[in-house]
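Have a look at the structure below, then the notes.
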2 protein chains.
Amino acid sequence: MTAKKQLLTETALQLFYARGIHAIGINEILAQSGVAKKTLYHHFASKDELLLAALQLRHERFISWLNESLQQATTGDAAVEKLFMALSSWFNSEEEKLGYFRGCFFINTSAEFSDAESAVFQRCQLHKQVVRETIGRYLQCDEQRLNKVCLLMEGAIVTAQVSGGADAACALAVKILSNDKGQG
Amino acid sequence: MTAKKQLLTETALQLFYARGIHAIGINEILAQSGVAKKTLYHHFASKDELLLAALQLRHERFISWLNESLQQATTGDAAVEKLFMALSSWFNSEEEKLGYFRGCFFINTSAEFSDAESAVFQRCQLHKQVVRETIGRYLQCDEQRLNKVCLLMEGAIVTAQVSGGADAACALAVKILSNDKGQG
DNA sequence: GTTGAGGTAGACTGATTTGTCTACTTGTAA
DNA sequence: TTACAAGTAGACAAATCAGTCTACCTCAAC
């Protein structure tokens with residue numbers, strides 16, 4: 001991975017996440033990164049390939065951030081607490097690793113690539129699956145409890161993005177999970 | 001509202017919802033509807049204005065569908081049950097009024113119009129607010145309970161769109177709300 | 001120094017983008 | 001019949017889209 005390729009991927013991620021995929025042209029990515037067009041097409045076969053690289057970069061960063069946020073939790077309950085504290089911080093754009101909050105990059109991208117057969121959509125699906133597995137490693141609970149946590153997490157992300165009220169949404173999710181604890 | 005204007009709005013909604021805003025060009029809407037370009041710009045000042053009309057049409061249909069789905073519920077609990085039954089049916093594309101399920105049109109559109117100042121984004125915000133108020137009218141509960149229901153609804157919509165498992169997500173949401181009932 | 005490969009620059013192509021223009025048709029009212 | 005306005009048609013324009021092309025540069029191996 002050359003420096004230019006990294007720079008292109010980084011710039012693409014920043015612009016795609018900030019303003020969407022179809023709204024960003026190749027030329028804008030090139031102008032901002034200062035790389036030539038031929039160089040981009042030397043490293044990537046198409047805009048979609050560049051997008052896949054950007055998704056991969058974001059995915060690695062997000063999973064890394066998630067692990068860091070949860071790793072000190074010793075009990076499942078503490079992990080839930082830490083998870084939604086971290087999410088709340090992300091929603092308020094206070095997590096340096098994740099940048100300015102603009103919703104979940106993978107949900108946003110799914111909205112633009114609806115075709116379930118497309119590699120881009122499938123990459124978004126895979127991200128959610130790995131996020132679920134990562135959280136599951138810290139929660140030490142059954143599948144149903146894990147599904148509940150993930151359902152509330154997605155709800156919190158979308159609510160924070162569209163309606164605002166990030167802190168309240170996270171606090172509410174924690175409260176729901178607390179009340180639900182030990183239930184069937 | 002002339003017939004052509006209605007046809008344009010209808011066609012725009014169909015294409016925008018199916019494939020996203022920036023992925024659909026004006027020309028495709030014109031080709032599919034059989035209307036001339038000048039006619040479009042006679043009725044709408046810009047593509048954004050057409051989009052706003054499409055959002056309005058979808059909003060009216062969605063709220064109407066929501067009222068129909070909930071109107072026979074006599075208790076708050078029954079309303080919750082009915083709500084998630086209806087959502088499940090929507091996710092499975094079995095609600096004729098809402099068409100083939102491709103997530104929430106307003107969440108999807110928000111993903112493409114991040115600028116909080118834009119009229120489009122604000123229209124999406126307003127939709128979520130009215131949906132919340134509409135549900136609140138049937139639930140007869142405090143604000144916190146209503147927020148919980150909405151949080152889980154958003155989670156279910158996104159989960160159904162990206163990860164699949166629509167029925168399970170709705171069933172889980174109902175179960176959570178049942179366990180949570182009467183809690184602080 | 002020579003050679004060869006990997007990487008880079010930016011003009012160029014053809015398709016497509018949103019939006020404008022002039023000319024035409026249609027319906028209504030005097 | 002005449003006059004006028006509302007609505008319509010589709011060619012056209014300027015900008016931008018993704019992607020290609022030739023020419024050049026850099027640097028390591030020998």
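Chain naming here is simple, since letters A, B, ... match the order of the sequence lines and numbering starts at 1 in each. All values reported here derive from a predicted model rather than from experimental measurement.
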Contact nearer the 5' end of DNA chain D, comparing B:H42 with A:G25:
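It is B:H42, whose closest nucleotide lies nearer the 5' terminus.
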What does [X] touch in the nucleic acid at a heavy-atom separation under 4.0 angstrom: a base, only the sugar-phosphate, or nothing?
| X | result |
| --- | --- |
| A:K38 | base |
| B:I24 | sugar-phosphate |
| A:K37 | base |
| B:I29 | nothing |

In whole angstrom, what separates A:L30's CG from D:dA18's P?
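A:L30 atom CG is separated from D:dA18 atom P by 9 Å.
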Atom NZ of A:K47 to atom P of D:dT20: distance rounded to whole Å?
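Computing the A:K47:NZ to D:dT20:P distance gives 15 Å.
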Measure from the side-chain N and O atoms of B:R58 to the backbone N and O of B:C104, and report whether any donor-acceptor pair falls under 3.5 Å.
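No, the answer is negative, given that no donor and acceptor are paired below the 3.5 Å cut-off.
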Counting only side-chain nitrogens and oxygens, does A:N27 get under 4.0 Å of the OP1 or OP2 atom of D:dA18?
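So the side-chain polar atoms of A:N27 never come under 4.0 Å of the phosphate oxygens OP1 or OP2 of D:dA18.
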Distance check: side-chain N/O of B:H43 vs OP1/OP2 of D:dT8, anything under 4.0 Å?
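The answer is yes; a side-chain N or O of B:H43 sits under 4.0 Å from OP1 or OP2.
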Carboxylate-amine/guanidinium proximity below 4.0 Å for A:E68 and A:R61:
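The answer is no: the pair does not qualify as a salt bridge.
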Taking the six-membered ring for Trp, are A:F106 and A:H127 parallel (under 30°), tilted (30 to 60°) or perpendicular (over 60°)?
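Ring orientation of A:F106 relative to A:H127: parallel.
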With a 4.5 Å limit on heavy-atom distance, are the side chains of A:S64 and A:K97 in contact?
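Touching, per the 4.5 Å side-chain cut-off.
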